[in-house]
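Below you'll find the structure, written out as structure tokens, and then a few comments.
Here is the naming used below: chain letters follow the sequence lines, and residue numbers restart at 1 for every chain.
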Amino acid sequence: MKKFGFPKALRVTRTGDFARIQGRGRRIHGRRVTLAFDRNRRGETRVGITVSAKQANSPERNRFKRLVREVFRRTRRAWPVGFDYVVIAKEPKAIRSYDDMEIELAGVVRRVDAR
RNA sequence: GAAGUCGAACAGGUGAUCGCUCGCGGCCGCAAGGUCGCGGGAGGAAAGUCCGGGCUCCAAAGGGCGUGGUGCUGGAUAACGUCCUGUCAGGGUAACCUGAAGGAAAGUGCCACAGAAAACAAACCGCCGCGUCGGACGUCGAAAGGCGUCGGGUGCGGUAAGGGUGAAACGGUGCGGUAAGAGCGCACCGGGGCGUCGGAGACGAGGCUCGCACGGUAAACCCCACCUGGAGCAAGAUGAGGGGUCGCUUCGUCGAAAGGCGAGGCGCGGGUGACCCGCCCGAAUCCCCGGAGUCGCUUGAGGGGCGCGGCAACGCGUCUCCCAGAGGAAUGAUCAUCGCCGCGCAAGGGCAACUGCGCGCGGGACAGAACCCGGCUUAUGGUCGUGCUUCGACA
RNA sequence: UGGGGCGUCGCCAAAUGGUAAGGCCGUGGACUCUGGAUCCACCAUCUGGGGGUUCGAAUCCCUCCGCCCCAG
């Protein structure tokens, strides 16, 4: 597998998975995002993204998702393995650049590791 | 140079690195998939979903009655509420812009408040004439009373100029006319009717004629003309799998009978929609339901060049190109560099207004395909045009 | 993505095209030693925004904005 690839197999796509992770899983609240996560039995790290239509219009939502994917793609090895994650946007408009997103996600992922 | 107006195209470019997705090909894998190479990968509005069409299903989309829509002319188009062209009306010095712009003489409704009166006209105040009642003053008379003037009440008649309300008052202004007035008469303006000429037509020009008859409202009902069946790609197809097999009756036929088979009638249910008629189906290679799978899914009223026709919208011919197909939903991230815009400093030029090499900082809008097209509407930073108009200066 | 519906005072809500009812809340006053209750008075100038039709628009028409519901 590519070193920094992000194939579809590493994404959470099914509505049932989202419901499980956000319902049964635990949550960590950052300033601008919430990270929900739940253990999976795959030995892999998967991620899904949620951003409400009320918070941003379509291009802004797309940008938020792309930044999340980009950060995940580059820093995946730093995320605890064996979990499914859902990144939930709280203030998508407050994250303007790649660097903003990387700092924000690093903050919440570090606290996953602490538990 | 300033202000304005119209129109068109574009929607930053290039490179590197790391990624996503689709197609084709190679390799690995039982398969799911992985990997390598090549090629493609958001918009002018992809948006709002306000119209129109294609496509799909509803048996066909038939008749009636509705419902909804459109509404100056002629044209364009697959179609439209769109576009073009012309007309009229309104705005602007102009370029140019704006207009749901048929019918109020088929009928119905409504026109609050105010006002005499709000729609077949009528007549409250007023004005005028005649009659009548009594009063004041003048005058004549001895008196009774007569005559005249003024103002008042009242009856009959004439009148619609004046009054003042209102968004709107049954043509307007002026002169004549009259007891007072009045299209009663005349002039001009407005309006109605009928020919003529021009135009394909909306309409325009001009003539004759009628003293004038028709308040407004149809984005009120309505009338006229034209259009209009319903749903929507979550359509629909496929489909692992699941479920279902109308009632009464007549006739024919087979049978000993029970019953089977065939044809029909009535009912019931369903297709089926605003409603009615009509039509179809009720059973075994049939009907109903049915996954996030697969198909539908991108070659199309398609883009570009050239030529021809047309004022134009657009059409015709020819050559050429293939140009997104995702599905918790791709089309991205970072860096470099060039270009653009704004601000600050500022070499140089110029009498000055000003211009501005270069350097630094900042900015780069609105917005994301979801079956596909044609429009409309709304959002939006900037660039462009020997475009057009008006004004100013100079020659 | 497609299909429907609704916006009137801080809240709940009425209004044939003719002065934007009413209730709750609030504010002021009366009554009371004080409070409550009661009574009286006040409370929409932009009827979600902008245009249009009409003498006149919350109402009719056009166009934007916001919210809600349905189909998964």
Side-chain angles (χ1 to χ4, degrees):
Chain A
M1 189 177 287
K2 296 176 188 173
K3 191 176 178 184
F4 292 113
F6 184 33
K8 190 145 292 179
L10 297 183
R11 300 184 192 181
V12 177
T13 58
R14 298 303 174 92
T15 300
D17 290 338
F18 275 90
R20 191 194 82 240
I21 296 160
Q22 296 183 54
R24 200 184 71 189
R26 305 173 69 183
R27 288 170 182 243
I28 293 172
H29 297 280
R31 184 177 297 277
R32 291 166 292 191
V33 302
T34 292
L35 185 68
F37 60 99
D38 187 38
R39 193 173 295 279
N40 63 29
R41 290 180 171 76
R42 298 168 185 270
E44 284 177 340
T45 306
R46 302 198 307 163
V47 69
I49 308 164
T50 291
V51 49
S52 165
K54 285 187 177 181
Q55 294 173 311
N57 63 20
S58 184
E60 288 164 342
R61 290 197 301 276
N62 278 341
R63 177 162 177 79
F64 180 88
K65 292 177 175 180
R66 284 164 179 161
L67 287 172
V68 171
R69 282 197 292 267
E70 193 68 14
V71 170
F72 178 74
R73 189 172 68 78
R74 289 176 178 276
T75 66
R76 192 175 79 236
R77 287 167 300 170
W79 296 47
V81 180
F83 289 93
D84 285 343
Y85 298 92
V86 173
V87 177
I88 302 163
K90 290 169 79 174
E91 291 184 49
K93 292 180 179 179
I95 295 175
R96 297 174 170 279
S97 68
Y98 175 86
D99 290 339
D100 285 349
M101 183 62 78
E102 185 167 25
I103 291 165
E104 184 72 21
L105 289 181
V108 290
V109 169
R110 195 184 314 116
R111 290 161 64 190
V112 173
D113 204 22
R115 299 194 183 195

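- B:rG135 is paired with B:rC150 under the criterion used here, namely a Watson-Crick or G-U wobble arrangement in which both key atom distances are under 3.5 Å.
- RNA chain B lies under 4.0 Å from at least one heavy atom of each of the following residues of residues 49-58 of chain A: A:Ile49, A:Thr50, A:Asn57, A:Ser58.
- If you check every strand for non-hydrogen atoms under 4.0 Å, A:Val71 touches nothing.
- Across all strands shown, B:rC308 forms a Watson-Crick or G-U wobble pair with B:rG315, both key distances being under 3.5 Å.
- Applying the Watson-Crick and G-U wobble criteria (two distances, each under 3.5 Å), B:rA16 pairs with B:rU334.
- Each of A:Glu60 and A:Arg69 lies near RNA chain B, and the nucleotide nearest A:Arg69 is the one positioned closer to the 5' end.
- Within the shown strands, B:rG103 is the pairing partner of B:rC222 under the Watson-Crick or G-U definition, both distances less than 3.5 Å.
- As a whole-Å value, the separation of A:Arg74 CZ from B:rU17 P is 14 Å.
- Going from atom CG of A:Leu10 over to atom P of B:rG328 covers 15 Å, rounded to whole Å.
- For B:rC189 and C:rU45, the C1' atoms lie 45 Å apart once the distance is rounded to whole Å.
- Among the heavy atoms of the strands, none lies under 4.0 Å from A:Arg61.
- Across all strands shown, B:rG252 forms a Watson-Crick or G-U wobble pair with B:rC261, both key distances being under 3.5 Å.
- When the salt bridge (charged side-chain N to carboxylate O under 4.0 Å, His left out) test is applied to A:Arg11, no partner is found at least two apart in sequence or on another chain.
- Every residue two or more places apart in sequence or in another chain that forms a side chain to side chain contact (heavy atoms under 4.5 Å, CB included) with A:Arg61 is listed here: A:Val51, A:Ala53, A:Ala56, A:Ser58.
- One interatomic measurement links the two molecules: CD of A:Glu44 to P of B:rG34, which rounds to 12 Å at whole-angstrom precision.
- Rounded to a whole Å, the CZ atom of A:Arg76 is 12 Å from the C1' atom of B:rG19.
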Using the rule given for salt bridge (Lys or Arg N to Asp or Glu O under 4.0 Å), can you reason through A:Arg39 versus A:Asp84, listing the C-alpha separation, both sets of side-chain angles and the distance that settles it, and then say yes or no?
CA-CA 6 Å; A:Arg39 193 173 295 279; A:Asp84 285 343; over 6 Å; no
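- Pairs passing the ring-ring contact (aromatic ring centres under 6.0 Å, His included) check and including a residue from residues 9-29 of chain A, sequence neighbours excluded, do not occur.
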Would you tabulate the side-chain donor-acceptor contacts of residues 85-93 of chain A under 3.5 Å, counting partners in other chains and residues two or more places apart, or write 'none'?
residue	atom	partner	partner atom	Å
A:Tyr85	OH	A:Pro80	O	2.9
A:Lys90	NZ	A:Gly30	O	3.0

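- Taking the syn range as angles within 90° of 0, the glycosidic angle of B:rG195 is syn.
- Annotation: salt bridge (charged side-chain N to carboxylate O under 4.0 Å, His left out) contacts of A:Arg96 (sequence neighbours excluded): none.
- Pair assignment for B:rU285: none, as no Watson-Crick or G-U wobble contacts are both less than 3.5 Å.
- Between the P atom of B:rA330 and the CZ atom of A:Arg63 lies a distance of 14 Å, rounded to the nearest Å.
- As rounded to whole Å, 11 Å separates atom P of B:rG328 from atom CG of A:Asp17.
- Contact check of residues 92-105 of chain A against RNA chain B (heavy atom, cut-off under 4.0 Å) returns A:Tyr98.
- Residue pairs meeting the side chain to side chain donor-acceptor pair (under 3.5 Å) criterion with at least one member in residues 100-109 of chain A, sequence neighbours excluded, are A:Arg32-A:Glu104.
- Only the C1' atoms considered, C:rC65 is 44 Å distant from B:rG107, to the nearest whole Å.
- For the P atoms, the distance linking B:rU56 with B:rG269 amounts to 35 Å, nearest Å.
- If you check C:rA41 for Watson-Crick or wobble pairing at under 3.5 angstrom, you find it paired to C:rU27.
- B:rG4 and B:rC388 make up a base pair, with Watson-Crick or G-U wobble contacts both under 3.5 Å.
- With both ends at atom P, the span from B:rU82 to C:rA44 equals 43 Å, rounded to whole Å.
- Taking the C1' atoms as reference points, B:rG204 lies 15 Å from B:rC72, given to the whole Å.
- Under the ring-ring contact (aromatic ring centres under 6.0 Å, His included) criterion, A:Phe83 pairs with A:Phe37, not counting sequence neighbours.
- Distances were taken from every side-chain heavy atom of A:Arg11 (C-beta onward) to each of B:rA367, B:rA329, B:rA333; the shortest belongs to B:rA329.
- Interface remark: the A:Arg73 side chain does not form any donor-acceptor pair with the B:rC20 base, using a distance-only criterion of under 3.5 Å.
- Going from the P atom of B:rC388 to that of B:rC361 covers 44 Å, rounded to whole Å.
- In this structure, A:Glu70 pairs ionically with A:Arg73, as a charged nitrogen and a carboxylate oxygen lie closer than 4.0 Å.
- Only the P atoms considered, C:rC60 is 13 Å distant from C:rA15, to the nearest whole Å.
- Between A:Arg66 atom CZ and B:rA367 atom P there is a gap of 16 Å when expressed in whole angstrom units.
- For B:rG12 and B:rG41, the P atoms lie 16 Å apart once the distance is rounded to whole Å.
- Checking A:Glu70 against A:Asn62, the closest nucleotide of RNA chain B that is more toward the 5' end is the one next to A:Glu70.
- An anti orientation is assigned to B:rA336, its glycosidic angle lying beyond 90° of 0.
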